[in-house]
2 protein chains.
Amino acid sequence: MNDESNGRSPGARPTLAAVARRAGVSNSTASLAFGGAGPVSDATRERVLTAARELNYAGPDPRARSLRRGRSGIVGVVVEERVRDAFRDPIKLALLDGLSEAIAPLDAGLLLLADTGAASAHIEDASMDAAVLIGCSPRLDESVAALWRRGIPLVAIEGEPADGVLVFSLDNRSATRAVAEHLRALGHERVAIVALPLERVRRRARLTPELEAEGTSNTAIERLAGARDVFPDAGGFVTTGSFVEEGRLAARELLADPDARPTAIIAQSDLLAAGVIRAAEELGIAVPAELSVVGFDGVRVDGLWPYDLTTLVQPAVEKGRAAGRAIVEMLAGGHPVALAFTSEFHLGNTTAPPPPLP
Amino acid sequence: MNDESNGRSPGARPTLAAVARRAGVSNSTASLAFGGAGPVSDATRERVLTAARELNYAGPDPRARSLRRGRSGIVGVVVEERVRDAFRDPIKLALLDGLSEAIAPLDAGLLLLADTGAASAHIEDASMDAAVLIGCSPRLDESVAALWRRGIPLVAIEGEPADGVLVFSLDNRSATRAVAEHLRALGHERVAIVALPLERVRRRARLTPELEAEGTSNTAIERLAGARDVFPDAGGFVTTGSFVEEGRLAARELLADPDARPTAIIAQSDLLAAGVIRAAEELGIAVPAELSVVGFDGVRVDGLWPYDLTTLVQPAVEKGRAAGRAIVEMLAGGHPVALAFTSEFHLGNTTAPPPPLP
DNA sequence: TGCCCTTATCGAATCGATTCGATCCGATTC
DNA sequence: GAATCGGATCGAATCGATTCGATAAGGGCA
């Protein structure tokens with residue numbers, strides 16, 4: 001009696017075929033009645049939708065649809081950190097925002113692929129139409145190659161250029177050089193650097209030539225090089241990430257010795273710079289009178305008021321958008337070109353000439 | 001000549017069948033040679049993998065695999081905001097972290113479904129094995145129902161309970177009541193509230209009975225109720241989100257009139273509380289001597305030092321983990337039960353008795 | 001009336017793998 | 001030496017939809 005009223009076995013979800021049968025139309029017509037692009041009379045569509053409602057059918061199975069269509073409606077976002085760490089960084093959030101804005105026409109979701117070591121299997125096995133690599137190191141080359149073989153469009157932001165990956169880069173080096181020159185023009189000579197992590201395994205440490213040589217993190221290395229272009233032997237400290245607290249710890253270290261105290265600190269991110277300023281406050285060092293501080297990124301740091309950080313404003317949302325647009329274009333068969341973005345110097349109130357020598 | 005050396009038409013990706021043909025084995029054996037659970041001799045497996053390498057085959061197509069297996073290896077995360085806003089909230093990040101930790105055994109990726117108004121189609125059309133709703137309002141009921149019809153396990157954190165959704169809740173009301181009682185015990189009588197958004201459409205405004213009545217945001221409403229249990233007619237201000245800057249703006253408004261100034265402020269999140277403290281600093285009001293401030297969440301607010309916020313520490317990571325575990329269990333056919341989490345009172349140095357009346 | 005063209009519907013092939021049950025073969029056991 | 005056993009391999013069905021080309025029915029035009 002219930003041979004067609006509610007599918008075969010109880011508990012089994014109804015399929016499009018079941019709906020079609022109940023509506024008395026063919027399989028293909030039923031398909032058309034849902035999203036399809038094809039002529040269907042209003043009466044028929046209504047009949048199909050009614051049948052669907054009666055059978056409690058929730059619409060075509062996305063899995064089957066994506067197999068047949070060859071599109072899954074998913075764009076992968078690969079980050080080389082734990083989710084929590086990755087998205088505490090406002091720059092990454094801004095990227096994500098621009099990205100999701102630009103891929104809106106795809107009607108796609110963003111699949112978060114946090115590369116937590118062993119589980120890089122996800123990356124190769126997830127069904128996605130395209131992928132964005134955010135700040136990824138060459139360590140992922142293998143996974144990336146697998147995606148590439150699969151013909152998946154790949155876009156990288158802030159990463160080591162790799163084969164077949166469209167890279168959207170930033171003028172990390174020249175921008176940092178510009179800000180360093182600003183400091184030199186003000187008269188600074190003893191400058192220190194608070195750096196982003198140089199490698200995937202993070203630890204706090206004084207900046208040493210060895211550490212610098214072994215670094216794999218593109219962004220940090222380029223910004224370091226930019227600073228070195230102007231202050232070749234500035235000392236510094238490597239942090240474990242772009243957080244205020246990290247900047248504070250690094251600065252306390254760098255400012256500890258009153259005799260060898262730098263007059264300016266180049267922080268590789270605004271969050272780090274904010275931490276440097278906090279540390280200076282704690283130590284009773286006036287910013288900018290006794291210590292100039294510059295950052296990088298141009299993100300509004302929540303609660304830094306009344307300081308207006310001198311920094312390099314990078315077009316993060318725009319970078320994300322560009323990556324998104326590139327993906328849309330590639331999926332449409334186009335061949336977008338890589339773009340290089342430039343940061344804009346923002347003069348705030350955290351830099352000034354160094355204090356006169358005693 | 002290239003009838004089998006590299007698939008049919010140039011540009012077409014090779015399929016498992018092509019690999020099998022080239023390796024001289026059957027379709028099914030080739031499948032087994034990849035991840036499969038079944039006996040394959042080492043020699044055969046090697047032959048298949050070699051053929052794959054030669055054809056530049058990147059492994060089984062995830063789309064086909066997920067159709068056949070009935071699992072897509074994707075867990076959806078639904079938030080009712082833009083990505084950027086959602087994840088500026090450290091609590092949500094912590095949830096996400098706990099979640100991704102707990103679902104590790106599934107080897108699944110997290111599909112971000114930001115509900116940006118019109119595009120709620122994503123939610124219904126994405127192929128996922130389970131979904132987590134984070135802070136979602138009843139507005140999504142329709143989409144949720146669609147998922148439910150599809151038989152997808154659903155878990156909600158911080159949301160309105162809905163049919164067929166397993167809810168992991170927090171003692172928002174009683175915890176807030178506890179902290180309010182702490183303030184009353186200290187002698188406070190003029191207390192104000194800085195509230196999270198009450199509705200999806202956000203705007204800054206004085207808290208009014210109308211606004212309260214129309215609210216749809218579970219968390220905000222419950223915390224409000226908890227405060228009202230102790231201070232029935234406390235005034236307040238509604239913000240547009242859990243950000244330091246929002247707390248600052250709200251507090252400037254609430255502290256503007258020196259004659260009607262509250263002696264304590266209950267902020268509905270730690271970030272808001274941090275903003276309140278900043279505002280007090282700006283206005284020259286001493287915390288806690290002249291103004292007590294309490295928060296909610298127990299997140300380390302970057303850069304709040306030297307204040308140690310009196311707050312309610314909620315087990316955010318643990319909530320995420322619980323949701324993840326529930327999903328794993330449901331996918332294995334189990335029937336986990338809903339859990340209610342409790343927050344822990346943390347006494348910091350931001351509360352004190354009110355100043356003596358002049 | 002006859003012809004052509006459009007619109008609505010249908011059948012069947014297809015997307016690319018997984019998996020169940022059957023078959024085959026060499027090795028062990030009595 | 002025959003019966004049995006178990007591991008390796010194969011065929012074929014299946015997952016659930018989409019889509020192309022074909023067919024049929026109706027409408028307009030000559």
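First the proteins, then the strands, lettered A, B, ... as listed; each starts at 1.
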B/Ile157 side, atom CD1; B/Leu96 side, atom CG - distance, nearest 0.5 Å: 9.0 Å

Sidechain-backbone polar pair: A/Thr29 side chain, A/Val25 backbone, donor-acceptor under 3.5 Å: no

5' precedence on DNA chain D between B/Ser28 and A/Gly59 (nearest-nucleotide basis): B/Ser28

Presence of salt bridge, B/Glu318 and B/Arg325, under 4.0 angstrom: yes

A/Glu124 bridged to A/Arg150 by N-O distance under 4.0 Å: no

Interatomic distance, B/Phe34 CZ vs D/dT9 P [rounded to whole Å]: 15 Å

Listed partners of A/Phe168 passing ring-ring contact (aromatic ring centres under 6.0 Å, His included), at least two apart: none

Side-chain donor or acceptor of B/Arg13 paired with backbone N/O of B/Tyr57 under 3.5 Å: no

Sole residue of A/Asp129, A/Leu331, A/Leu110 in side chain to side chain contact (heavy atoms under 4.5 Å, CB included) with A/Ile103: A/Leu110

Atom-to-atom span, CZ of A/Arg71 to C1' of D/dA17 - whole angstrom: 17 Å

Whole angstrom value for the distance that separates C1' of D/dA17 from CZ of B/Arg63: 14 Å

Sugar-phosphate only, base, or nothing, as touched by A/Ser41 at under 4.0 Å among non-hydrogen atoms: sugar-phosphate

D/dC10 phosphate, OP1 or OP2, under 4.0 Å from B/Thr29 side-chain N/O: yes

Student check: side-chain heavy atoms of A/Arg71 and A/Arg65 closer than 4.5 Å: no

So which protein nitrogen or oxygen atoms get under 3.5 Å of nucleotides 25-28 of chain C's nitrogens or oxygens?
none

Atom-to-atom span, CG of B/Leu32 to C1' of D/dC10 - whole angstrom: 11 Å

A/Asn27 CG - C/dA8 C1' separation (whole Å): 16 Å

B/Ser26 vs D/dG11: side-chain N/O to OP1/OP2 distance below 4.0 Å: no

Sugar-phosphate, base or nothing in reach of A/Thr44, heavy atoms under 4.0 Å: sugar-phosphate

For nucleotides 14-16 of chain C, print each protein N/O atom paired with a nucleotide N/O atom at under 3.5 Å, atom names and distance only.
residue: C/dT14; atom: O2; partner: A/Arg68; partner atom: NH1; Å: 2.7

Flag, side chain of A/Arg321 to backbone of A/Leu99, donor-acceptor distance under 3.5 Å: no

